[in-house]
Each structure stands twice: as C-alpha cells, then as structure tokens.
Amino acid sequence: DDDDESALDTSAHHPSMRVVRQGSRDMGYVRAAAAAAVANILSHDREAVGSASLHGTHRVKMSGAGFFIPLSTAALFRGMDPGAFRTIRSSCASGIMFLVSAYEVDAVLGDDQMWSIVKFIEDLEEHEGPLMFRDIMACLWLLLRMPAQRRWLMC
C-alpha cells in the first residue's frame, strides 16, 4: 500500500513477499498467521478420532515451554483489524485447547498458566464464532477433569 510508510514492499524482488514492520496496520495479520501456525503445530493427525485427538506430537514440549501465556495474551490484544483479531482469537482458543490436552488428569498447571486461561475465557464475547466456543468448551472439560484445576474454574 503506497500510503503505508511502516510497511516495505519487496514485490520487485519477491512478488509474493512483503515485509511488515511493527506498528503497520498489517501487523495484525502477521500475528494471526503466527497464532494459526502455532495452533496447527499443536494439532493432531487429521485421521485422529475420539481420545486419539488428545495427543499431538509437539503438545508436551510446547506446553512445557510456556506457550499458554503468549497464546492467551495474544487473544486479548485488540488494536488491529477485526478480521485479524477474529483469526487470532480462534487460533488461540484452538491452541490453548491443544495445550491443555497434553496434561494428564493428575497434572497441576501453574497459577500463571491458569490465570492466563481464565482471563481469556472471561474476555470472550457472545458474537465470537461457534468453533471458538467449541474449543473453549473442550478446554474447560479438559481442565475440569483435573482436580487441581477445578478451584480456578469453580470460584
């Protein structure tokens, strides 16, 4: 876009490539793509059915690496295009659900992890898409089956 000085057009060298700088109005779409990529990495095989969908190759490592908080806080940042914001929130809901499924029933999530999940759930609005609510409901079910996490959700 010629009016946007914060973005650099590189189409002369790479027709499909565009560098987006911090503060650009396109930054929301970069964040949306990143959130969708993380959710995709956390996903399970497409053929997985039932309890097989509770397992994903990278879930335990990414959950241990602290992906809860970045996903939860990314879903709260509103200063961007509404389309990008919806994609981020939906991707974050899926990612959080996948991360929670990595834990066994007797696991104890850290207070900071639970706080970030609760803040995301509290921020949901009724106009959000049904797929996001499906993922959040699955996340809640996964958390409620863990006795140590119930105190966060039942108060």
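Everything numeric here is computed off the predicted structure, so don't read it as measured data.
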Novice: Where the side chain of Arg145 meets the backbone of Leu142, is there a donor-acceptor pair that is under 3.5 Å apart?
Specialist: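 Flag set: sc Arg145 to bb Leu142 pair under 3.5 Å.
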Novice: Quick check: is Val60 connected to Met97 through a chain of hydrophobic side chains (ILVMFWY, heavy atoms under 4.5 Å apart)?
Specialist: no
Novice: Working to the nearest 0.5 Å, report the span between CD1 of Ile117 and CD1 of Ile69.
Specialist: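 It is 9.0 Å, given to the nearest 0.5 Å.
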Novice: Treating Ile, Leu, Val, Met, Phe, Trp and Tyr as nodes and any side-chain heavy-atom pair under 4.5 angstrom as an edge, say whether Leu144 and Met146 lie in one connected cluster.
Specialist: yes
Novice: So, does Ser90 use its side chain to make a donor-acceptor pair with the main chain of Thr87 at under 3.5 Å?
Specialist: no
Novice: To the nearest 0.5 Å, what is the distance between CE (Met137) and CD1 (Ile121)?
Specialist: 9.0 Å
Novice: Can you give me the closest heavy-atom contact between Phe120 and Ala75, atom names plus distance?
Specialist: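 Here Phe120 and Ala75 meet closest at CE1-CB, 3.1 Å.
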Novice: Would you compute the distance between atom OG1 of Thr73 and atom CG of Asp123 and round it to the nearest 0.5 angstrom?
Specialist: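 Going from OG1 on Thr73 over to CG on Asp123, the span is 11.5 Å.
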Novice: Measuring from Asp135:CG to Ile96:CD1, what's the distance to the nearest 0.5 Å?
Specialist: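 The CD1 atom of Ile96 is 10.0 Å from CG of Asp135, to the nearest 0.5 Å.
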Novice: Could you state the interatomic distance from CG (Leu71) to CZ (Phe98), rounded to the nearest 0.5 Å?
Specialist: 11.5 Å
Novice: Any side-chain heavy-atom pair from Phe68 and Leu109 closer than 4.5 angstrom?
Specialist: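 Yes, side chains in contact.
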Novice: Decide whether Val100 and Trp141 are clustered together by the hydrophobic rule: side chain heavy atoms of Ile, Leu, Val, Met, Phe, Trp, Tyr closer than 4.5 Å, transitively.
Specialist: yes
Novice: Considering non-hydrogen atoms only, spot the tightest contact between Ala93 and Met132 and give its length.
Specialist: CB-CG, 3.5 Å
Novice: For Tyr29 versus Gly83, what's the shortest heavy-atom pair and its separation?
Specialist: OH-CA, 4.2 Å
Novice: How long is the span from the CZ atom in Arg134 to the OG atom in Ser94, to the nearest 0.5 Å?
Specialist: 6.5 Å
Novice: Look at the side chain of Gln113 and the backbone N and O of Val108, then say whether any donor-acceptor pair between them is shorter than 3.5 Å.
Specialist: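 Judged by distance alone, no pair lies under 3.5 Å.
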Novice: Would you name the heavy atoms of Ala39 and Ser91 that are closest together and state the gap between them?
Specialist: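 Shortest heavy-atom separation between Ala39 and Ser91 comes out as CB-O, 3.5 Å.
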Novice: With a 4.5 Å heavy-atom cut-off, do Arg150 and Pro147 have their side chains touching?
Specialist: yes
Novice: Within the structure provided, determine whether Met114 and Leu143 are in side-chain contact (heavy-atom separation under 4.5 Å).
Specialist: yes
Novice: Side chain of Arg59, backbone of Leu99: donor and acceptor closer than 3.5 Å?
Specialist: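 Not at all, since once roles are kept as given, no pair shorter than 3.5 Å links the two residues.
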Novice: Not counting sequence neighbours, which residues clear salt bridge (charged side-chain N to carboxylate O under 4.0 Å, His left out) with Glu122? List them please.
Specialist: Lys119
Novice: Examine Leu131 and Leu124 and state if one hydrophobic cluster contains both, with Ile, Leu, Val, Met, Phe, Trp and Tyr joined whenever side-chain heavy atoms are less than 4.5 Å apart.
Specialist: no
